[in-house]
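Structure, as structure tokens:
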Amino acid sequence: MPRQGLGFKGEAHMTPGYFSLIQFCPDPSRLEAANIGVLLFCPSLGFLDVKFSEEYSKVKRFFGAKKIDFELIDSSKESLRARMRIMRQEVDSLEGLTKFIDTRANELKITKPRAIKINEPGRELESLYVELVQDNIVRRKKSNSIIPEIDRYFHHSSLTGRIRYNQKVVIPVVRREIKIPYAFQNGALNLITPQKFNMDSQGFQKALSLACEGDLLQKHQSIDGYQYKFIIIPVVDTTLGHDVSEEQIENVFKHYSIRIVKPAQLPSFIKEVEEIAH
Amino acid sequence: MSIADSNPWSPREFKRYVESFPTSTGVARVVTDAGEGYLKALGNREGPHALAREWLGTSLAKWIGLPTFDFTLIQVKSDDEIALGNGELAKTGTAFISRAEKGFTWGGDSEKLKSVVNSDIIPLLVTLDTLVLNVDRYSPLGHTRKPNYDNVFFVSLDGGGKKFRLVAMDYTHAFSCGTDLTSKIENIEFVQDKRAFGLFPQFIPFMNQAAVCAAHEKLAGLTSEIVSPIVEQLPDDWEVSAMVKVSLVKFLVQRADFMVRNLQNFLLFCDNAQTRLGI
């Protein structure tokens with residue numbers, strides 16, 4: 001079967017695969033570790049990908065925040081992601097993956113692969129992450145704050161490897177670091193933010209604030225030389241407030257030349273991302 | 001004073017085993033009286049010459065000005081129970097040990113190289129790999145060996161942060177492609193091998209003319225007076241014969257000389273490589 005590269009489409013039957021946990025283990029003598037990611041490998045489908053936790057609440061609880069170099073963990077994760085991109089073309093057997101896993105000598109450890117039957121790899125990776133890695137405490141908070149319907153679009157298997165989650169960026173001029181839920185690279189770094197807006201002055205203020213931040217990002221390059229594009233997915237709650245119209249909120253973003261993708265436009269937007277993201 | 005003696009890290013005793021890895025030398029992480037280190041010992045799958053190659057390569061890396069892990073020799077005693085990655089126990093005798101440092105191996109991405117504070121050493125790294133015919137980082141044209149990103153290591157800077165330091169590591173496959181060192185090393189085909197070793201495509205943008213010339217200028221200072229003491233430090237139990245030691249000295253001096261004389265061709269090669277990349 002030809003290699004599927006970063007994504008996988010179709011095939012509803014169950015296929016054998018393997019998964020491993022990725023653990024942060026700061027002291028190999030103690031062998032105490034916190035799960036911070038999961039790896040999924042399906043050789044017959046050419047699927048190999050990792051999903052990491054983007055926050056460190058569990059690591060902080062386990063090991064104490066002061067002792068941990070979080071930048072090092074971030075960089076180690078980035079390197080492992082980059083290695084996965086290379087390994088997708090090279091590794092086509094459990095033996096090859098195991099050899100790689102067994103030779104990891106630093107703070108990120110990967111457990112021995114375990115067998116799993118997979119329906120759709122992208123979704124399975126996501127499920128494994130939720131089940132085995134995601135911090136229970138954070139999970140409760142997440143269900144209140146994230147917009148699940150929109151989140152499902154950006155975790156679709158067709159976008160595996162193309163979307164970055166919780167991308168940290170520093171807003172120029174004000175130098176404030178923020179986390180953008182979804183981002184993809186295409187020449188520019190496209191930053192996608194879904195946001196709920198009430199139809200009142202509070203919602204309007206929020207729109208203004210976001211629009212200004214987006215404008216600053218679009219006008220200035222990042223320190224790494226990236227051009228930014230800011231994309232807003234406005235989710236307007238028409239049941240809350242009535243002083244401000246949906247059109248007014250949209251006009252704020254239009255004034256700052258910020259692209260709006262309405263929730264109803266998400267299917268076609270996702271298709272666009274599939275084609276242009278790398 | 002040996003190159004190893006000139007660094008401050010001096011473990012003398014094995015205290016505790018931590019873990020080992022199924023690499024070619026079955027390297028083991030151990031706790032010593034001076035902290036943790038990675039130990040390559042006798043009894044490894046590749047044989048004692050793997051340790052000799054590691055010692056020579058790392059010593060030359062230090063000489064040429066490349067950052068290395070602190071390293072030294074340590075004695076494995078008869079009651080030291082150190083499991084190597086091949087399932088065997090380390091044998092009694094001299095072992096090579098390097099200090100464990102926080103960091104991570106390269107993912108192969110060009111972006112990560114931008115986070116390095118000492119990317120100026122890349123031409124030096126390539127020059128040394130070429131000098132010692134190191135096939136186990138990025139092997140040259142005509143070689144089927146895959147790129148080994150695990151042999152490019154990023155060490156955290158003191159105080160943490162997003163910047164890292166690139167470190168030269170692992171020379172166990174230098175000189176003789178993982179086989180035993182012999183006097184054949186001084187044969188002309190090895191001395192005058194024109195290929196570039198260790199030159200990842202991602203390194204090419206860093207191979208600017210000035211830096212390459214500076215690296216070769218350093219090579220011009222590689223004389224037998226520099227090389228002989230390094231070679232002489234090879235412990236007897238690593239079984240490198242006197243004859244092979246003589247050949248190693250000859251090889252290194254002659255090869256360094258050849259590389260200096262071949263500099264223009266090498267610069268042209270780098271230039272063409274950069275042109276192909278659109279740099």
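Heavy atoms only: backbone and side chains are in, while hydrogens, waters and symmetry mates are out. A note on names: the letters A, B, ... follow the listed sequences, proteins ahead of strands, and every chain is numbered from 1.
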Original post:
Heavy-atom distance under 4.5 Å to chain B: side chain of A:L80, backbone, both or neither?
Top reply: neither
Subject >> Residue list, side chain to side chain donor-acceptor pair (under 3.5 Å) with B:Q274, at least two apart or on another chain >> reply: none
**OP:** Could I get the full list of side chain to side chain donor-acceptor pair (under 3.5 Å) partners for A:D27, not counting sequence neighbours?
**Re:** none
Subject >> Option in B:F21, B:F104, B:F153, B:Y149 with maximal non-hydrogen atom pairs under 4.5 Å from chain A >> reply: B:F104
Original post:
Could you give the distance from CD (B:E111) to CD (A:E78), rounded to the nearest 0.5 Å?
Top reply: 9.0 Å
Structural part of [X] lying under 4.5 Å from a heavy atom of chain A:
{"X": "B:S115", "result": "neither"}
{"X": "B:Y17", "result": "neither"}
{"X": "B:V31", "result": "side chain"}

**OP:** Name, in order of residue number, those residues of residues 82-94 of chain B that have a heavy atom at a distance of less than 4.5 Å from a heavy atom in chain A; otherwise write 'none'.
**Re:** none
**OP:** Using heavy atoms and a sub-4.5 Å threshold, report which of residues 36-44 of chain B line up against chain A, by residue number.
**Re:** B:E36, B:Y38
Original post:
Does a side-chain N-to-carboxylate-O contact under 4.0 Å join B:D150 and A:R104?
Top reply: yes
**OP:** List the atom of B:V18, the atom of A:S29, and the distance in Å for their closest heavy-atom pair.
**Re:** CG2-OG, 3.5 Å
